[in-house]
Amino acid sequence: TVLLAHFLLNDERLNWSKIVGIVIAFAGASALFLTGETGLADLTQADWRGYAWLGLAILSVAAAGIYGRTYLQDADNFDVATINMLVSAAVITGIVLATGGYDLSRVRLSGILVLLYSAIVGGFFAFLLNFFILKRFGATAQSESTYVTPVIATTLGAILLGEIITPVMILGMALIITGLILLNRSPKKAVA
């Protein structure tokens, strides 16, 4: 997102702090990717296809952020969030059907209720907040909000599910957070 914003948005240019931040954050993400760290005791190596889907999703979100910042500044947050939900549902449904389909044979009412809650609170309200951040703070800040989810998921996974947080995961997250801090630093203005 930072690189796309530099070339496609006038108000989000790269500076040395952002470049160093990108390199450090990328090093952290690479540490996690190259070692295949998952935190799951039963899984020794992550599947590369998951990382490929994640990479495609990241590029899609980056492009959507640039598009939204460029063309949707005056759009209604509710309208944009609704379109996001409908398009996301259509894309995910297409992917699932193309890669194996749904097995609904063991779905209970509690599962449907959890899905509805997740769609409304974790999906729709997240899209509303995401678009608000995009309009108010820019594409780079909007993309950085997605780093909150893995930190919370990792912490709750360790506490509630007994997942393992390894030293490589801690190092990777520390590098990513350090990179984000550098990305958000404002360049110092020269004192006259």
Side-chain angles (χ1 to χ4, degrees), residues 1-12 22 25-26 29 32-33 38-40 46-157 160-161 163 176 180 183-184:
T1 300
V2 175
L3 294 174
L4 286 176
H6 172 75
F7 292 108
L8 301 173
L9 298 174
N10 293 330
D11 60 342
E12 296 192 42
I22 290 170
F26 186 73
L32 296 174
F33 174 72
T38 65
L40 302 174
D47 190 332
W48 68 270
R49 292 173 293 186
Y51 290 114
W53 282 113
L54 182 60
L56 181 62
I58 289 169
L59 288 175
S60 298
V61 168
I66 300 300
Y67 179 86
R69 185 76 171 161
T70 303
Y71 299 109
L72 300 177
Q73 284 292 313
D74 297 325
D76 181 67
N77 289 4
F78 187 85
D79 293 345
V80 173
T82 301
I83 292 168
N84 273 339
M85 285 294 291
L86 293 174
V87 170
S88 297
V91 169
I92 293 299
T93 300
I95 290 170
V96 169
L97 291 175
T99 59
Y102 293 106
D103 178 16
L104 302 175
S105 63
R106 297 186 310 189
V107 176
R108 296 179 299 186
L109 177 62
S110 61
I112 293 170
L113 294 176
V114 168
L115 178 63
L116 289 175
Y117 172 82
S118 176
I120 293 168
V121 175
F124 187 75
F125 287 141
F127 280 136
L128 279 174
L129 180 60
N130 199 22
F131 190 62
F132 171 79
I133 292 169
L134 175 70
K135 285 170 56 171
R136 174 119 188 211
F137 301 106
T140 301
Q142 173 259 342
S143 71
E144 292 171 9
S145 65
T146 59
Y147 288 100
V148 174
T149 302
V151 172
I152 292 172
T154 299
T155 303
L156 290 177
L160 300 175
L161 302 174
E163 293 178 359
I176 290 170
L180 290 175
L183 278 168
N184 286 302

- Please name the residue in the list Leu113, Leu115, Ile120, Val121 that meets the side-chain contact (heavy atoms from CB on, under 4.5 Å) test with Tyr117. Val121
- Message: Would you say the rings of Phe127 and Phe78 are close, in the sense that their centroids are separated by under 6.0 Å?
- Response: no
- For Thr1 and Ile58, what are the C-alpha separation, side-chain angles and deciding distance, and is it a side chain to side chain contact (heavy atoms under 4.5 Å, CB included)? CA-CA 8 Å; Thr1 300; Ile58 289 169; 5.9 Å; no
- Query: Can you tell me how far CD1 of Ile22 sits from CG of Leu180, rounded to the nearest 0.5 angstrom?
  - Reply: 10.5 Å
- Note on the structure: side-chain contact (heavy atoms from CB on, under 4.5 Å) test vs Asn84 passes for just one of Leu86, Val80, Thr82, namely Val80
- Donor-acceptor pair, side chain of Thr99 and main chain of Ile95, under 3.5 angstrom: yes
- Message: I'd like to know whether Arg69 forms a side chain to side chain contact (heavy atoms under 4.5 Å, CB included) with Asp11, so could you lay out the CA-CA distance, the side-chain angles of the two residues, the decisive distance to 0.1 Å, and finally the verdict.
- Response: CA-CA 10 Å; Arg69 185 76 171 161; Asp11 60 342; 2.7 Å; yes
- Closest non-hydrogen atom pair between Leu4 and Ala63, with its separation: CD1-N, 4.2 Å
- Item | Closest contact, heavy atoms only, Ile66 versus Thr70 | O-OG1, 2.8 Å
- Message: Within this structure, what is the CD1-CZ distance for the pair Ile83 and Phe131, rounded to the nearest 0.5 Å?
- Response: 9.5 Å
- After noting the C-alpha distance and the side-chain angles of Leu156 and Glu163, does the key distance pass the side chain to side chain contact (heavy atoms under 4.5 Å, CB included) rule? CA-CA 9 Å; Leu156 290 177; Glu163 293 178 359; over 6 Å; no
Mind listing the side-chain donor-acceptor pairs of residues 133-141 below 3.5 Å, one per line with the distance, residues two or more places apart or on another chain?
from: Lys135; atom 1: NZ; to: Ala75; atom 2: O; distance (Å): 2.8
from: Lys135; atom 1: NZ; to: Asn77; atom 2: OD1; distance (Å): 3.2
from: Thr140; atom 1: OG1; to: Glu12; atom 2: OE1; distance (Å): 2.7

- Which is it for Val107 and Ile112 under the side chain to side chain contact (heavy atoms under 4.5 Å, CB included) test, yes or no, and what are the steps along the way? CA-CA 7 Å; Val107 176; Ile112 293 170; 3.7 Å; yes
